[in-house]
Amino acid sequence: MTPVETDGKNRIGLTIADYKGAKSTLCPGCGHDAITGSIIQAAFEAGLEPHRVAKLSGIGCSSKTPAYFLGRSHGFNAVHGRMPSIATGVSVANRTLTLLGVSGDGDTASIGLGQFLHLVRRNVPLLYIVENNGVYGLTKGQFSATADVGSKAKSGRVNELMPIDVCALAIELGCGFVARSFSGDPKQLRPILKAALSHRGTAVVDVISPCVTFNNHEGSTKSYLNVKEHDAPLHDIFFIPSYENIEVDYAPGESREVTLHDGSRITLKKLGEDYDPSDALRALETIHHGRQEDKFVTGLLYVDPDKEPFEQDLRLIKTPLASLPLEKVRPPKEVLDEVMGALMTGKY
Amino acid sequence: MTPVETDGKNRIGLTIADYKGAKSTLCPGCGHDAITGSIIQAAFEAGLEPHRVAKLSGIGCSSKTPAYFLGRSHGFNAVHGRMPSIATGVSVANRTLTLLGVSGDGDTASIGLGQFLHLVRRNVPLLYIVENNGVYGLTKGQFSATADVGSKAKSGRVNELMPIDVCALAIELGCGFVARSFSGDPKQLRPILKAALSHRGTAVVDVISPCVTFNNHEGSTKSYLNVKEHDAPLHDIFFIPSYENIEVDYAPGESREVTLHDGSRITLKKLGEDYDPSDALRALETIHHGRQEDKFVTGLLYVDPDKEPFEQDLRLIKTPLASLPLEKVRPPKEVLDEVMGALMTGKY
Amino acid sequence: MKATTNDFSIHVATVNGSGSQTANTTLLRTIFQMGVPVSGKNLFPSNIAGLPTWFTIRVSERGYLARTRHNDVLVAMNPETSVQDIGAMGPGSILILNEGVPAPRIPEDRTVYKIPFNKLVEPLVADVKLRKLVVNMIYVGVVAHLLGIDLTEVDRALSAQLGKKPKALDMNRAAVRAGADYATRNLKSAPFRLERRDKTEKKILIEGNQAGALGAMFGGVTFLSWYPITPSSSLAESLMAYLDQYRRDPKTGEATFAVIQAEDEIAAIGMVLGASWTGARAMTTTSGPGLSLMTEFTGFAYYAEIPAVIWDIQRVGPSTGLPTRTSQADILSTVFLSHGDTKHVILLPATVEDCFDFGMRAFDLAERLQTPVFVLSDLDLGMNVWMSDPFSYPDKPWDRGKVLDAEALAKAGTFERYRDLDKDGIPYRTLPGTDHPLAGYFTRGSGHDEKAKYTEDAETYKRVMDRLARKYDTARSLVPPPVIERTPGAEIGILGFGSSHWGIVEARDLLAAEGLKTSYLLLKAIPFTSDVESFIKSCDRVYVVEQNRDAQMASLLRMDYPGLAMKLRSILHYDGLSLDAQSIVDQVREREGVLAR
Amino acid sequence: MKATTNDFSIHVATVNGSGSQTANTTLLRTIFQMGVPVSGKNLFPSNIAGLPTWFTIRVSERGYLARTRHNDVLVAMNPETSVQDIGAMGPGSILILNEGVPAPRIPEDRTVYKIPFNKLVEPLVADVKLRKLVVNMIYVGVVAHLLGIDLTEVDRALSAQLGKKPKALDMNRAAVRAGADYATRNLKSAPFRLERRDKTEKKILIEGNQAGALGAMFGGVTFLSWYPITPSSSLAESLMAYLDQYRRDPKTGEATFAVIQAEDEIAAIGMVLGASWTGARAMTTTSGPGLSLMTEFTGFAYYAEIPAVIWDIQRVGPSTGLPTRTSQADILSTVFLSHGDTKHVILLPATVEDCFDFGMRAFDLAERLQTPVFVLSDLDLGMNVWMSDPFSYPDKPWDRGKVLDAEALAKAGTFERYRDLDKDGIPYRTLPGTDHPLAGYFTRGSGHDEKAKYTEDAETYKRVMDRLARKYDTARSLVPPPVIERTPGAEIGILGFGSSHWGIVEARDLLAAEGLKTSYLLLKAIPFTSDVESFIKSCDRVYVVEQNRDAQMASLLRMDYPGLAMKLRSILHYDGLSLDAQSIVDQVREREGVLAR
Ligand SMILES: Cc1ncc(C[n+]2csc(CCOP(=O)(O)OP(=O)(O)O)c2C)c(N)n1
Ligand SMILES: Cc1ncc(C[n+]2csc(CCOP(=O)(O)OP(=O)(O)O)c2C)c(N)n1
Ligand code: SF4
Ligand code: SF4
Ligand SMILES: [Mg+2]
Ligand SMILES: [Mg+2]
């Protein structure tokens with residue numbers, strides 16, 4: 001069910017090359033590069049118009065990656081941990097843009113935790129990807145706040161603090177789209193990214209992304225080996241964009257379907273026990289139990305397609321604020337006269 | 001079961017007056033003043049030694065209150081939203097102190113959210129009280145991040161964003177003692193405060209505390225009237241300090257008992273259905289349902305008496321760092337010689 | 001002894017939250033209606049209710065609006081401060097004393113009027129709580145009578161204010177009457193009179209923050225993100241009110257603006273940068289502590305070259321300081337806000353007209369220069385009531401600066417974000433969403449070249465930094481120039497800015513009256529324009545008047561003009577009270593070796 | 001042509017993460033072992049692997065440690081930069097070129113040695129990945145041979161380094177041999193020689209951050225809270241390593257210190273303030289962006305008077321800037337860090353000995369002055385390898401400042417937190433937990449009186465601010481004084497600080513050789529001590545050398561000494577590369593009108 005035509009062009013006539021960016025300067029084998037690959041593929045398949053996309057990030061190896069995809073789009077590499085506030089401004093200033101945010105676990109769960117949670121609370125429309133490796137890569141391997149209990153650093157130090165689970169927090173803050181995946185599983189990651197891009201509010205996707213240089217050793221819980229071993233997918237995920245009406249039929253009870261606001265659909269094919277992603281408490285429970293059992297539960301954890309996005313609270317005019325002409329935003333002379341008149345009566 | 005002797009002195013021979021502070025400058029009727037009263041009473045009954053207590057706060061009407069109790073103790077009125085980091089430093093520098101932190105909903109859930117959650121994650125030993133009125137009192141009544149959906153401000157604006165629930169977040173971050181109460185219910189609040197003071201890790205107590213000046217009107221969900229109406233206590237709470245061995249006996253199944261690390265006990269007398277405060281998921285569920293039903297669920301939401309406090313992760317020496325003498329902290333000349341010797345071989 | 005007419009100040013001492021606000025406003029408006037220039041200053045505590053607060057009304061036929069050191073009429077309602085308040089009275093002043101309120105021995109040359117306020121209010125209102133409020137209206141009546149104000153004038157002011165609430169109106173009317181009647185029956189006439197004039201015709205009364213909000217609206221603001229903090233909140237809140245009224249579709253309720261109350265100031269400035277990078281006219285309002293939190297992001301905006309308008313309504317620091325007192329002590333920390341070689345552009349409004357004007361102009365400058373522009377107002381200017389000529393509608397369209405749209409890109413055929421094509425240090429930018437393959441670029445706070453590509457190359461880094469310095473020089477020719485008043489034969493120059501202006505204006509007259517001629521430069525912006533240098537050159541010595549301890553503006557001038565450094569002398573005022581003329585006069589006298597008389 | 005002995009620099013161009021570090025260190029140590037003064041500078045990118053990186057070894061019999069503009073020996077391993085690297089070679093230099101790496105036309109007066117590194121490594125190592133690492137050791141062998149270094153010296157250095165890993169040792173030994181053998185067989189001798197001396201005996205090699213960490217440990221640090229950021233992380237991390245080794249009970253593992261990796265810099269400084277308020281010796285380490293985030297809290301600490309030690313290892317700004325390049329551009333923003341009249345104390349280490357010394361002293365000063373003390377080091381000093389005399393054990397105990405314990409309180413019978421009893425502006429404090437009824441007080445960033453009680457009183461506020469200014473003056477007499485070298489008959493003065501010291505030392509010799517005599521002041525702290533003024537006075541003109549664009553230190557000097565403002569001339573260097581002597585010489589020459597030869 002990929003929308004790519006035989007000539008290697010997508011529905012708006014662009015090739016995969018049109019979605020690539022500069023050459024990566026990350027370490028060979030870095031999980032982040034794999035995610036970049038999935039983002040490029042997802043954006044290509046979704047047929048995003050590059051000029052309508054704004055790429056946003058904070059600081060870190062992960063936050064460098066927006067330079068490596070969608071080279072034609074505007075990009076904003078903010079300061080450490082503050083991408084959410086930038087994103088909020090961008091989204092509100094031009095509601096027609098598609099926002100694609102990339103952050104790291106340090107960027108999001110340490111310095112950026114407050115902004116991240118307030119972004120989620122406002123339900124600012126964007127795809128927020130956390131490239132989660134449990135360490136500070138760019139500063140050479142200190143623990144981040146998502147490091148698992150008992151995980152050993154290269155230095156030999158062992159982390160004793162509980163990991164912050166960005167998915168659980170996002171759900172607690174009422175996020176309408178929360179998923180977790182693994183950089184090494186593009187088959188699962190791509191449909192999740194495409195679905196997230198179709199969601200009309202904040203979509204949080206936590207992608208476990210091993211740091212081959214500082215956190216891929218024996219004893220690290222976020223090494224490729226360990227993640228592969230403990231990856232516990234909830235379901236197989238397929239995404240059907242609105243402009244396609246493919247019918248997928250599974251034996252009854254074998255799968256679930258979620259229809260997003262733009263008409264596109266997510267199909268979840270059962271793996272083991274049935275999982276209902278519309279139940280927030282169930283999702284939290286699943287995450288908690290997963291942690292107790294040292295499992296990385298991946299898949300679509302929670303979805304609520306109908307949550308009202310931020311611009312609706314603001315009752316924004318349809319035209320992007322950024323493109324309003326002067327006459328729309330400077331009231332006429334009469335208004336000033338009216339105000340001055342009132343002030344002349346001493347009514348300040 | 002109050003440990004006050006007939007002569008109005010507590011077990012360390014102090015009177016209630018010894019636990020009072022400066023005259024309050026808050027608005028007459030402010031919920032915060034009622035909480036101050038309960039703190040004074042609890043500290044008096046618990047027989048805290050004033051000089052062993054450090055009072056901490058951020059900025060706000062609520063954060064002013066430490067000046068109004070325990071006048072003999074050291075106090076630290078930090079900058080807005082940053083009391084948690086101050087508390088962490090104080091606690092680690094002198095592990096023998098009892099830390100009593102007071103914050104507001106703006107101070108904790110808006111500007112301070114990141115620091116608050118990281119404090120909880122580290123399990124820094126202190127009683128952290130959130131005096132929660134859903135508004136910024138000191139800046140004259142803007143919505144805070146704990147304002148309930150649909151609550152109306154004096155200005156007439158209606159809050160559309162979901163409230164941040166500090167208790168739910170604290171539980172998600174693994175806090176070992178989480179309770180909610182109401183400034184107007186000292187009978188419930190005092191035992192909670194005393195129990196929290198006996199807990200050896202971070203204890204979060206969210207106290208709904210109406211702002212009579214800016215958030216006590218018709219349409220506000222945090223007005224005295226509305227909170228009284230929707231207050232839904234989970235149980236009756238009694239606290240028995242370690243130094244007393246009173247036996248309270250209820251008909252079996254009528255109550256639960258929790259023993260804290262210092263040997264003191266919390267007795268929870270059933271009200272309606274039985275509630276098990278040792279089940280984190282159950283606690284989250286209760287909070288979620290409460291919100292859906294517009295109820296303020298109060299009582300001891302979650303407790304885990306055995307959680308390891310921060311100083312244990314740090315493997316701190318018993319003596320407070322603050323009182324270590326020079327010879328304990330300046331290694332002898334031999335050490336410097338050893339280090340220099342190595343560096344002379346060019347091994348830097 | 002002859003009565004002083006239309007030249008005195010009234011000082012009312014009460015507690016906050018006691019409803020004295022309405023009474024004071026009524027007095028102020030009454031005087032304004034009578035055509036006599038007037039200003040009002042509110043000295044309030046940093047809490048919500050029950051602490052001492054003072055309201056001062058300056059009546060000045062000559063139009064002086066600054067604070068006066070001594071007050072002529074004191075209304076002492078607050079027992080907590082009455083002794084101190086009365087002690088501060090000047091010779092020849094009069095005291096309206098709430099009976100039962102403690103008072104020290106009062107010298108002969110002061111006139112005392114004891115008023116049984118509580119007795120007078122009892123028959124008027126049954127409800128005890130209500131009495132607390134209404135009692136204030138009684139002193140309005142007393143003052144009105146003593147100053148010879150016709151009660152119909154007070155009535156007009158009252159109804160203009162409470163028109164919509166007939167019950168309240170009647171009650172307050174009655175209170176005013178009660179006060180006036182008591183005064184008529186028991187008090188001898190006072191040495192101060194108010195007489196009708198026509199000097200306030202076509203004038204307005206307004207607070208600086210309100211003026212700034214109006215400016216922002218007419219400047220076409222589309223995005224405001226803020227976090228509440230005194231004394232800046234009223235700017236954001238009056239802007240919200242104006243926008244709701246004039247920038248929403250009356251039918252659909254759709255807004256041509258967005259206002260976001262951020263979770264803190266870091267988020268507020270972050271949202272502003274995101275929005276203005278995208279093409280919105282974005283601003284934030286804050287005060288000291290908030291500004292300190294914006295440090296990292298403003299350095300980013302300087303280097304990545306993103307417009308932003310940041311209002312700092314200065315209050316007394318350091319740290320939390322005195323949140324409800326006025327100051328001008330954020331100059332140096334703001335010019336150098338953030339690490340590295342960061343330098344910012346600052347506007348310095350002195351009047352409510354400046355607030356309105358800069359409210360618009362700050363956007364033009366920020367977008368033209370592609371850098372944050374700070375408007376440093378202060379509590380005195382922002383939260384007090386000022387008389388002014390009405391503001392005039394902008395005669396120019398806005399300036400959105402160097403923005404290339406798809407068409408322009410097609411025409412140019414090439415685009416480099418940070419190329420200095422015009423040799424003024426200002427590059428061109430594009431907005432996200434621009435439908436042209438050349439439009440996209442990558443904004444970052446790390447090292448970048450003219451194409452906005454990442455680089456660590458030493459030469460390139462230096463080149464970009466040198467261009468930014470060039471841009472800062474360009475700013476000198478774009479920021480509002482100072483207002484200069486040269487006095488023939490004056491050796492002394494006075495250099496001031498912001499709310500100090502009003503004290504200086506009055507001080508210069510006083511000095512002139514003593515034969516000390518002064519020229520005057522009212523500074524409106526940083527970086528300094530060329531005429532600042534020439535002004536200092538043209539004077540023998542220049543007194544730099546500022547409301548801070550560390551002579552911050554004088555320090556900046558010394559940095560920029562080492563050759564003139566020795567000409568600068570500092571006149572400092574930093575106790576949190578707005579600057580009065582006498583303080584300036586005294587210090588100039590002293591330095592000039594003139595004996596105080 | 002005769003060979004130059006013990007006076008040249010070796011420049012190795014590779015990519016980071018390729019293991020060249022070991023090779024370069026081996027070379028460095030070999031030379032050091034041979035008794036010849038040496039320094040090593042690492043120029044690395046802001047990423048983890050695969051980008052260009054350069055290591056430069058300066059060999060100088062006369063002990064010059066600064067960077068040289070041109071290098072004498074270039075080892076060109078990196079095809080990405082080889083053309084540029086080779087282009088930058090100076091006349092008479094030699095090039096060791098990795099066969100197959102692109103090269104431009106090379107002038108006659110350079111000597112080229114083409115080496116088939118990849119061919120040479122093949123027989124040595126089977127594993128392809130391993131080859132990438134080992135190949136670097138081959139150039140060590142080549143260089144050794146060309147410089148006439150006995151391979152046994154290299155062996156010694158190698159085993160000192162890899163002693164514990166016999167397999168690695170053998171492999172690397174073999175690689176060195178292979179390089180040397182190839183050179184012996186194929187290369188003509190080079191114009192540079194290394195000869196044994198005894199000038200490094202009893203000397204140490206160390207990085208500034210490591211020295212600072214040692215200082216902190218011997219200064220008795222008990223609390224470190226930090227957030228990782230280049231180039232400051234290595235200070236925190238080597239401190240952690242030293243503390244684990246020397247400040248933990250070997251049996252119980254109990255620590256006499258706490259290290260907390262905070263969630264960000266706001267939390268880091270907050271924890272430091274909480275800890276030192278409680279009585280710990282607390283510090284944090286950061287760089288530009290982190291410092292900007294500490295703005296609000298440091299203003300609080302200034303006003304509430306809480307000790308804190310803050311290390312800022314300066315990197316290139318503004319904003320994220322060039323995280324792996326060196327700079328001195330945080331001066332002004334740090335002195336005025338935070339709104340209101342805030343002024344900070346700054347220490348300026350110039351040598352690794354200063355780093356060690358200030359590592360201790362900063363605590364004494366912070367606790368004595370009860371204020372934050374900033375140690376402004378930089379990447380060049382902090383992260384590069386310096387030769388130095390060994391550090392000497394402190395001969396004094398620590399100074400914990402004016403702290404009253406229960407006994408002292410009992411004796412005094414009274415305690416007021418902010419009373420200036422000693423007229424030096426420094427009050428007394430008590431620590432929480434002090435068992436005396438007088439001990440408790442309330443710390444706040446809002447207005448307070450001598451008793452630490454809340455107040456908004458104008459006079460009291462002013463009194464406290466004036467005392468803080470007095471305290472800042474007291475600091476002048478407590479901070480480390482400058483090191484002054486007066487040259488008889490010199491009209492010119494040079495004023496520098498921090499890592500610029502090394503370039504200046506060399507530049508002065510070069511200038512002297514041309515007959516330009518200079519006196520020198522090495523500034524160690526802000527605020528300035530009285531001898532700074534007298535030094536400037538004593539010179540006809542003073543060149544202020546600094547590594548920033550905006551002449552930040554010169555600006556501060558002009559603010560403090562308006563009368564001397566015209567004597568100051570700026571020599572600026574701000575491309576992120578550490579300062580070399582020639583850049584200073586050229587600029588002085590130019591200003592002095594001396595023709596460059
Ligand atoms: C204010 C600030 N503090 C610290 C840093 C240094 N820093 C750069 S990246 C980083 C952490 C990155 O970790 P993460 O977000 O997990 O990204 P990763 O490199 O692991 O992908 C830090 C601390 C900074 N750039 N800015
Ligand atoms: C950095 C900073 N921003 C803003 C303020 C202004 N301010 C003071 S108190 C406050 C909010 C207090 O709200 P809350 O914490 O709920 O306390 P409450 O007054 O409601 O008890 C704000 C925004 C400040 N002091 N510092
Ligand atoms: S350091 Fe880790 S996170 Fe960074 S690029 Fe290398 S592998 Fe990726
Ligand atoms: S404003 Fe509200 S919160 Fe503040 S003191 Fe008054 S009632 Fe309490
Ligand atoms: Mg990471
Ligand atoms: Mg509140």
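Chain A is the first sequence line, chain B the second, and so forth, proteins listed ahead of strands; every chain is numbered from 1.
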Please classify the contact of [X] with chain A as side chain, backbone, both or neither, using a heavy-atom distance under 4.5 Å.
| X | answer |
| --- | --- |
| C/W277 | side chain |
| C/F297 | side chain |
| C/A255 | both |
| C/F223 | side chain |
| C/L243 | neither |
| C/T256 | both |
| C/V38 | neither |
| C/Q161 | neither |
| C/F356 | side chain |
| C/E263 | both |
| C/F32 | side chain |

request  = Inspect the surroundings of CD in A/E327 and state if more than 12 heavy atoms from other residues, nucleotides or ligands are less than 6.0 Å away.
outcome  =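 Enclosed: over 12 neighbouring heavy atoms sit under 6.0 Å from CD of A/E327.
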
key: Whether over 12 other heavy atoms sit under 6.0 Å from C/K453 NZ   =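 Result for NZ/C/K453: open.
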
May I ask you to name which of [options] has the most heavy-atom pairs under 4.5 Å with chain C?
| options | result |
| --- | --- |
| A/V335, A/N94, A/L314 | A/V335 |
| A/L336, A/L70, A/L316, A/D337 | A/L336 |
| A/T345, A/I86, A/T25 | A/I86 |

Side chain to side chain contact (heavy atoms under 4.5 Å, CB included) evaluation trace for A/E338 with C/Y246 = CA-CA 11 Å; A/E338 176 183 323; C/Y246 297 114; 2.7 Å; yes

Does any backbone or side-chain atom of [X] lie under 4.5 Å from a heavy atom of chain C? Answer side chain, backbone, both or neither.
| X | result |
| --- | --- |
| A/R122 | side chain |
| A/E311 | neither |
| A/P66 | both |
| A/S73 | backbone |
| A/L97 | side chain |

request  = Please determine if A/K318 and C/E254 form a salt bridge, counting it only when a charged side-chain N lies under 4.0 Å from a carboxylate O.
outcome  =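 Looking at C/E254 together with A/K318, the answer is yes, because their closest N to O distance falls below 4.0 Å.
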
ask   = Does A/F76 offer a backbone N or O that forms a donor-acceptor pair with the side chain of C/R444 under 3.5 Å?
value =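 No; zero donor-acceptor contacts below 3.5 Å.
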
task = Look at the side chain of A/R330 and the backbone N and O of C/F218, then say whether any donor-acceptor pair between them is shorter than 3.5 Å.
result =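 Here the side-chain-to-backbone pair exists.
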
ask   = Which is it for A/K55 and C/F442 under the side chain to side chain contact (heavy atoms under 4.5 Å, CB included) test, yes or no, and what are the steps along the way?
value = CA-CA 9 Å; A/K55 304 175 293 179; C/F442 201 82; 4.1 Å; yes

ask   = How far apart are the C-alpha atoms of C/Q245 and A/V339, what are their side-chain angles, what is the distance that settles it, and do they pass the side chain to side chain contact (heavy atoms under 4.5 Å, CB included) test?
value = CA-CA 11 Å; C/Q245 187 172 359; A/V339 175; over 6 Å; no

query = Does the pair C/F257 and A/V329 meet the rule for a side chain to side chain contact (heavy atoms under 4.5 Å, CB included), with working shown?
reply = CA-CA 8 Å; C/F257 65 88; A/V329 295; over 6 Å; no

Given side chains that start at C-beta, do those of [X] and [Y] come closer than 4.5 Å, heavy atoms only?
| X | Y | answer |
| --- | --- | --- |
| A/M340 | C/L214 | yes |
| C/K202 | A/M344 | yes |
| C/I266 | A/Q115 | yes |
| C/Q210 | A/L343 | yes |

Let's test your reading of the structure: which of [options] forms the most heavy-atom pairs below 4.5 Å with chain A?
| options | result |
| --- | --- |
| C/A452, C/A258, C/A282, C/S446 | C/A258 |
| C/M360, C/E201, C/R248, C/Q33 | C/R248 |
| C/E207, C/K203, C/R281, C/M271 | C/M271 |
| C/I260, C/D249, C/I206, C/L28 | C/I260 |
| C/L273, C/T222, C/D435 | C/D435 |
| C/G433, C/A157, C/A304 | C/G433 |

query = Hey, what do you get for CZ (A/R72) to CG (C/L438), rounding to the nearest 0.5 Å?
reply =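 Here the interatomic distance stands at 10.0 Å.
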
ask   = Going from CG on A/L321 to OG1 on C/T278, what distance comes out if it is rounded to the nearest 0.5 angstrom?
value =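 Separation between the atoms: 10.0 Å.
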
request  = Go through the side-chain N and O atoms of C/T430 and A/H74 and say whether any donor and acceptor fall under 3.5 Å apart.
outcome  =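 Checked: C/T430/A/H74 side chains pair up, N/O donor to acceptor below 3.5 Å.
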
query = What pair of heavy atoms forms the shortest contact from A/S85 to C/A267, and how long is it?
reply =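 Looks like CB-O, 3.5 Å.
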
